[in-house]
Amino acid sequence: MDFSKGHGTENDFVVLPDLDVRLDLTVPRVKALCDRRRGLGADGVLRVAKAGALAEAGVLADLPDGTSADDWFMDYRNADGSLAEMCGNGVRVFAHYLLSTGLETRDEFVVGSRAGGKPVVVHSAAGPLGEVTVDMGKVRDLGSSAATLDGKVFNGIGIDVGNPHLACVDPHLTAASLSALDLTAAPGFDPGFFPHGVNVEILTRIDSGAVDMRVHERGVGETRSCGTGTVAAATAALRHEGADSGEVIVRIPGGQVIVSLSDGRATLRGPSVLVASGTVDDSWWNALT
Ligand SMILES: N[C@@H](CCC[C@H](N)C(=O)O)C(=O)O
């Protein structure tokens, strides 16, 4: 089974080309593949196939809004094997992978996701280093909520970026005090407010057009970056300043991205790196049930 490994601001993924949709991405297999000791190690898995082929195979019950049968579809799984609707860093790596392998020749196209079609512009994809802008679509305010983390309460805003986020701006935080927070344990949150779990972002207020953010991801744990999370963070940071549109540089432990918000929609621009390609032993994979 062929694979590639890549990351977007160090949020890393195993990319699985599966154009005939033959792979059964069971929870044990995805967990093993993402395990950093017994597998390849990754925050998530990106299966590469056309949306129509996934629908014919029964992986998709129907084609999500803005997605046609002939669009490439990013079939995303978290490291714990759970499904998630969208992965902002993953879409950049996915688009870069398509061009680097010649599966796609256009610089502008739609990547399908369970959160709908995501138009991308690939600014560069020559070799291992890429740069991609993703139209992340609508960003929806879910109202106020709070997270408990490292013995502290962080007030924030629930934000739907296709997947659920709780973005907490702490105006007293500095980059240094943010980096000192202990994010090893899953943050506490209101399960009534987030019945399907939530990705939690802790961030500083905007300073010189930028924020610093860390994230604890649903289905993964703390990651070096979360693309949908940076969109949620930028939305909350602008809201904290009394604005609902603008451009925010979001600095995460794995690098930085640029989020632009206007009329309730977001774009995300950032890097993609393709690190390696290889093969997974089929007998190892098949033995995982
Ligand atoms: N890292 C991703 C988000 C992946 C899904 C998330 N963990 C969830 O369960 O919603 C990103 O870059 O957006």
Side-chain angles (χ1 to χ4, degrees), residues 5-15 25 27 30-31 33-34 41-47 64 73-97 111-116 118 120 130 132-140 142 145 147 156 158-167 183 186-187 189 191 193-203 213-236 250-259 266-273:
K5 184 80 191 308
H7 71 84
T9 52
E10 300 181 6
N11 186 199
D12 63 335
F13 310 100
V14 175
V15 182
L25 299 184
V27 170
V30 172
K31 288 177 79 169
L33 198 61
C34 292
D43 293 332
V45 170
L46 313 179
R47 185 209 324 242
F73 190 93
M74 179 187 69
D75 182 12
Y76 175 81
R77 302 292 193 285
N78 281 316
D80 70 352
S82 63
L83 276 174
E85 304 84 350
M86 182 45 192
C87 177
N89 289 323
V91 171
R92 302 201 310 273
V93 173
F94 187 91
H96 181 189
Y97 173 83
V111 172
S113 78
R114 289 182 172 83
K118 303 298 175 185
V120 298
V132 182
T133 294
V134 185
D135 178 345
M136 299 289 284
K138 290 180 183 174
V139 180
R140 196 163 57 90
L142 302 173
S145 190
I159 295 173
D160 179 354
V161 191
N163 57 349
H165 293 267
L166 173 53
L183 267 71
F189 64 89
F193 198 100
F194 298 105
H196 304 295
V198 66
N199 303 283
V200 179
E201 293 83 25
I202 310 294
L203 59 140
M213 170 195 129
R214 287 176 67 190
V215 57
H216 193 284
E217 281 198 42
R218 176 182 66 168
V220 190
E222 182 178 11
T223 58
R224 303 276 289 166
S225 174
C226 175
T228 50
T230 63
V231 170
T235 302
V250 183
R251 292 189 292 255
I252 52 259
Q256 70 178 44
V257 295
I258 300 175
V259 178
T267 63
L268 168 64
R269 177 167 180 156
S272 163
V273 181

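These values consider heavy atoms only, across backbone and side chains, with no hydrogens, waters or symmetry-generated copies. Indexing begins at 1, ligand by ligand and atom by atom, following the structure's order. Just so it is clear, the model here is predicted, and its values are computed rather than measured.
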(message) Taking the side chain as everything from C-beta on, heavy atoms only, tell me whether Asp160 gets closer than 4.5 Å to Val139.
(response) no
(message) Could you tell me if the side chain of Met136 sits less than 4.5 Å from the side chain of Val259, heavy atoms only?
(response) no
(message) If we count only N and O atoms by modelled type, under 3.5 Å, do the side chains of Glu217 and Thr223 hold a donor and an acceptor together?
(response) yes
(message) Tell me whether Asn78 contacts the main-chain N or O of Asp80 through its side chain, where contact means a donor paired with an acceptor under 3.5 Å.
(response) no
(request) Under the salt bridge (charged side-chain N to carboxylate O under 4.0 Å, His left out) rule, collect the residues that match up with Lys31, sequence neighbours excluded. (result) none
Which atom pairs, nitrogen or oxygen on both sides, join ligand 1 and the protein at under 3.5 angstrom?
from     : atom 1 : to     : atom 2 : distance (Å)
ligand 1 : 1 (N)  : Asn11  : OD1    : 2.8
ligand 1 : 1 (N)  : Glu217 : OE1    : 3.0
ligand 1 : 1 (N)  : Glu217 : OE2    : 2.8
ligand 1 : 7 (N)  : Asn78  : OD1    : 3.0
ligand 1 : 7 (N)  : Asn199 : OD1    : 3.1
ligand 1 : 7 (N)  : Glu217 : OE1    : 2.7
ligand 1 : 7 (N)  : Arg218 : O      : 2.9
ligand 1 : 9 (O)  : Asn78  : ND2    : 2.9
ligand 1 : 9 (O)  : Arg218 : O      : 3.3
ligand 1 : 9 (O)  : Arg218 : NE     : 2.8
ligand 1 : 9 (O)  : Arg218 : NH2    : 3.3
ligand 1 : 10 (O) : Asn163 : ND2    : 2.9
ligand 1 : 10 (O) : Asn199 : ND2    : 2.8
ligand 1 : 10 (O) : Arg218 : NE     : 3.4
ligand 1 : 10 (O) : Arg218 : NH2    : 2.9
ligand 1 : 12 (O) : Asn11  : OD1    : 3.3
ligand 1 : 12 (O) : Gly88  : N      : 3.3
ligand 1 : 12 (O) : Asn89  : N      : 3.0
ligand 1 : 12 (O) : Asn89  : ND2    : 3.4
ligand 1 : 12 (O) : Gly227 : N      : 2.6
ligand 1 : 13 (O) : Gly88  : N      : 2.9
ligand 1 : 13 (O) : Gly227 : N      : 3.4
ligand 1 : 13 (O) : Thr228 : N      : 2.9
ligand 1 : 13 (O) : Thr228 : OG1    : 2.6

(message) If we count only N and O atoms by modelled type, under 3.5 Å, do the side chains of Thr9 and Asn11 hold a donor and an acceptor together?
(response) no
